[in-house]
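Side-chain atoms are counted along with the backbone in the values below, which use heavy atoms only and exclude waters and symmetry mates.
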Amino acid sequence: VTKDFETFSEPKLFFTKDNEILDTHIRKIDGVYHMFYKNAHNPSMNMHATSDNLYGPYKHDEKFEEYMANEVEKAWAYAARSGKPPQLSV
């Protein structure tokens with residue numbers, strides 16, 4: 001963490017998976033941290049996880065993964081525009 005961009009703390013890993021993760025961004029919505037990220041493979045798709053704490057632990061959103069598997073373009077476009085997960089009716 002830095003306030004002056006001259007003094008920095010040591011970097012910390014707060015999220016990892018068994019494969020490559022790309023383009024991660026986190027947004028706090030109604031007190032919950034939503035992390036959107038691209039899984040590089042197995043499966044190669046956009047993912048969503050949530051946490052009550054910025055530094056985790058993050059819980060994988062199975063419903064979002066199912067939704068993305070069925071409607072990738074529509075759901076990703078919505079998440080990218082709004083910064084919010086789609087409303088899922090499961």
Quick one: are Tyr33 and Tyr58 in side-chain contact, heavy atoms under 4.5 Å? yes
Does Asp4 have more than 12 heavy atoms from other residues, nucleotides or ligands lying within 6.0 Å of its CG? yes
What's the shortest heavy-atom distance between Gly56 and Ser51, and which atoms? CA-OG, 3.5 Å
If you define the side chain from C-beta out and look only at heavy atoms, does anything of Met47 sit under 4.5 Å from Glu65? yes
Side-chain heavy atoms nearer than 4.5 Å, only ILVMFWY residues, links allowed to pass through others: does that put Leu54 and Met35 together? yes
Heavy-atom pair with the smallest gap, counting every atom of Tyr37 and Thr24: CB-OG1, 3.4 Å
Which distance, rounded to the nearest 0.5 Å, do you find between the NZ of Lys28 and the OG1 of Thr50? 14.0 Å
Rounded distance [0.5 Å steps], NE2 in His25 versus CG in Asp23: 9.0 Å
Check whether Phe36 and Tyr55 end up in the same hydrophobic cluster, where Ile, Leu, Val, Met, Phe, Trp and Tyr are linked by side-chain heavy atoms less than 4.5 Å apart. yes
Quick check on Lys38: does its NZ atom have over 12 non-hydrogen neighbours (other residues, nucleotides or ligands) under 6.0 Å away? yes
